[in-house]
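Shown next, in structure tokens, is the structure this report addresses.
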Amino acid sequence: MSRAQQTTQALRAGFDAGVTRSRRWRRDQLRALRRMLVENQPEIEQALRDDLGKHPMEAVITEIGMVIAEIDYALPRLRRWMRARTVPLPLMLAPTRGRIAPEPLGVVLIIGPWNYPLQLVLNPLVGALAAGNTAVVKPSELARATSVVLADLLPRYLDRRAIAVVEGGAEVTGELLEQRFDHIFFTGSEKVGGIVATAAARTLTPVTLELGGKSPTYIDDSVDLAAAARRIMWGKLLNAGQTCVAPDYVLATPATARALLPHLDRATRELYGSDAAASADYGRIVTTRHTERLAQMLSDVEPAFGGDVSIEGRYVAPTVVDAVSPDSPLMQEEIFGPILPIVHVGSAAEARAFIRARPKPLAAYVFSRRRRVRRAFLTETSSGGLSFGAPAAHLGAPQLPFGGVGASGMGAYHGEASFRTFSHLKSVLDKPLHPDTMRLAYPPYRGRVKSLLRRMLMRGR
Ligand code: NAD
């Protein structure tokens with residue numbers, strides 16, 4: 001029996017034994033997970049530093065702190081989320097009682113990427129535990145140090161009957177995908193998302209796919225360009241650009257682009273100094289292979305600033321490229337690195353048409369003080385999320401479901417959305433046998449009462 005099979009069978013036994021059902025167990029697991037993060041903060045920060053050169057402060061803001069916030073949001077709401085909700089039913093069915101009762105799905109699989117290797121497996125895990133599931137966590141093999149830390153810590157803090165970590169790459173994930181799960185939660189690329197969805201389809205297993213894409217940023221001259229430039233560069237350069245919701249490219253008129261460029265340059269130097277390679281705050285690219293991929297994207301372009309690459313150092317300087325053609329290699333795939341192309345458009349309407357003509361992105365950002373422009377982006381473009389004035393910030397709000405649409409994914413999580421993703425909302429109807437009001441619907445379909453009922457039903461309410 002493979003390790004994947006053994007693990008899932010053990011977790012199924014745990015689930016079937018009812019280990020995860022009580023609110024108390026869920027609460028204790030969430031608290032233990034929180035304790036794990038707090039007690040091992042230095043070790044976790046070091047792993048993220050090893051994997052991605054992440055500064056400990058950035059590690060807290062974008063990884064550890066986000067999971068703590070998610071737990072702290074879930075804990076006081078757990079009772080309400082778990083409660084069956086009574087709903088009024090049609091008079092025709094009276095006397096009856098209707099309820100919607102959330103129930104756990106069973107054994108779920110959480111597959112994570114390398115870019116936020118802690119947060120992107122633990123935040124789904126918070127939802128899975130809150131909803132009373134058992135879970136297999138499969139961290140990314142490319143963020144090796146974080147994977148090791150998770151495999152060491154999670155079984156020490158959480159109930160081993162219900163949570164297991166399986167480490168490895170494509171082969172191990174392939175073995176896991178041969179097992180029977182009740183839900184698969186995948187974060188990663190569109191390509192592997194397709195592999196996961198295909199495997200899941202064989203057993204009709206529901207999936208959540210948190211994918212990526214090219215998230216556009218539109219900016220016009222109505223905003224404070226210096227302030228906007230700081231926000232854009234912060235969102236772009238976080239984790240050295242390896243963020244699924246990073247502003248992938250900017251859309252602006254040539255005049256706005258010209259005015260914006262010096263601000264982008266200044267903002268970059270404010271954030272990381274004139275040589276980001278010497279800044280302790282600036283991250284590194286996850287592997288030399290990905291660094292080469294980014295270097296390749298820059299091979300034929302003339303950056304407005306930046307452009308330095310060190311393959312061995314896994315370093316790519318903050319780089320902005322102006323007047324990029326839509327046919328450029330920079331515009332063919334998600335950049336996933338600290339390179340910001342600016343594509344010129346004639347107007348806001350043209351920017352919207354540009355976005356609509358491409359796969360639906362995970363996020364879209366708009367910097368404009370013009371109400372009509374903002375409203376038009378809201379109603380005329382489709383994206384997983386839309387933020388005015390602040391890239392990536394919507395991820396930090398558990399009140400806002402986070403997820404993609406179309407090519408950027410399906411399903412959503414964070415806060416109550418996570419609880420729902422990992423729950424089945426069971427419809428429960430409760431009707432006494434007497435009086436037998438359902439007789440009206442029984443054959444034989446003859447007589448005045450039945451024809452009266454027929455007419456009533458056709459008239460509707
Ligand atoms: P990836 O798809 O290469 O890997 C994700 C996971 O799939 C890893 O755990 C990996 O081990 C596994 N995997 C890789 N190849 C596989 C295969 N052939 N069969 C089965 N499993 C396989 O993604 P990545 O490079 O780790 O992450 C980058 C991508 O993730 C980007 O596209 C980014 O936009 C996206 N992303 C999305 C979000 C989001 O929340 N929507 C967050 C972060 C990253």
Side-chain angles (χ1 to χ4, degrees), residues 4 51-52 62-63 66-67 70 109-124 127 136-144 146-147 150-151 165-179 181 184-200 202 207-215 235-236 238-248 285-287 289-291 293-294 332-337 359-364 383-385 391-392 394-396 400-414 417-418 421:
D51 286 331
L52 291 145
T62 64
E63 302 236 35
M66 276 189 70
V67 185
E70 194 67 17
L109 172 61
I110 297 168
I111 305 173
W114 50 262
N115 62 334
Y116 289 87
L118 184 94
Q119 189 236 119
L120 292 175
V121 290
L122 294 190
N123 266 359
V136 177
V137 172
K138 211 300 286 174
S140 170
E141 74 286 9
L142 292 188
R144 176 93 196 98
T146 310
S147 176
L150 287 170
V165 180
V166 175
E167 288 189 278
E171 199 182 320
V172 168
T173 316
E175 278 170 24
L176 281 170
L177 290 172
E178 280 167 24
Q179 311 308 311
F181 287 96
I184 300 176
F185 190 103
F186 171 82
T187 306
S189 62
E190 202 179 322
K191 183 176 141 252
V192 181
I195 295 173
V196 169
T198 305
R202 285 199 290 268
V207 289
T208 301
L209 299 179
E210 297 282 341
L211 312 177
K214 290 180 86 63
S215 298
K236 183 71 190 185
L238 206 59
N239 202 25
Q242 301 160 110
T243 302
C244 54
V245 290
D248 188 89
I285 306 304
V286 68
T287 57
R289 194 175 61 79
H290 276 282
T291 318
R293 179 182 64 81
L294 294 165
Q332 305 316 308
E333 56 176 83
E334 182 179 6
I335 294 173
F336 229 54
K360 292 181 180 179
L362 186 56
S383 52
H394 58 297
L395 255 87
L400 295 176
F402 173 64
V405 59
S408 54
M410 59 178 81
Y413 72 128
H414 287 184
S418 291
T421 285

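For ligands, and for the atoms within them, numbers begin at 1 and follow the listed sequence.
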Which atom pairs, nitrogen or oxygen on both sides, join ligand 1 and the protein at under 3.5 angstrom?
from, atom 1, to, atom 2, distance (Å)
ligand 1, 2 (O), Ser189, N, 2.8
ligand 1, 2 (O), Ser189, OG, 2.6
ligand 1, 9 (O), Gly112, O, 2.6
ligand 1, 9 (O), Lys138, NZ, 2.8
ligand 1, 11 (O), Lys138, NZ, 2.8
ligand 1, 11 (O), Glu141, OE1, 2.6
ligand 1, 23 (O), Ser189, N, 3.4
ligand 1, 25 (O), Trp114, NE1, 2.8
ligand 1, 26 (O), Trp114, N, 3.3
ligand 1, 26 (O), Trp114, NE1, 3.3
ligand 1, 30 (O), Gly188, O, 3.1
ligand 1, 32 (O), Glu334, OE1, 2.8
ligand 1, 34 (O), Glu334, OE1, 3.1
ligand 1, 34 (O), Glu334, OE2, 2.6
ligand 1, 41 (N), Glu210, O, 3.4
ligand 1, 41 (N), Leu211, N, 3.4
ligand 1, 41 (N), Leu211, O, 2.7

Separation between CG of Leu118 and CG of Leu150, rounded to the nearest 0.5 Å: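 The CG atom of Leu118 sits 5.5 Å away from the CG atom of Leu150.
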
From CD (Glu333) to CG (Asp248), nearest 0.5 Å: 9.5 Å

Of Lys214, Arg293, His290, the residue whose pairing with Phe336 passes side-chain contact (heavy atoms from CB on, under 4.5 Å): Arg293

Side-chain ion pair, Glu178 and Arg202, N-O less than 4.0 Å: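 Salt bridge: no.
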
Intermediate values then yes/no, side chain to side chain contact (heavy atoms under 4.5 Å, CB included), His414 and Leu395: CA-CA 8 Å; His414 287 184; Leu395 255 87; 4.2 Å; yes

Contact summary for Cys244 and Ser215, nearest pair of heavy atoms: O-OG, 4.0 Å

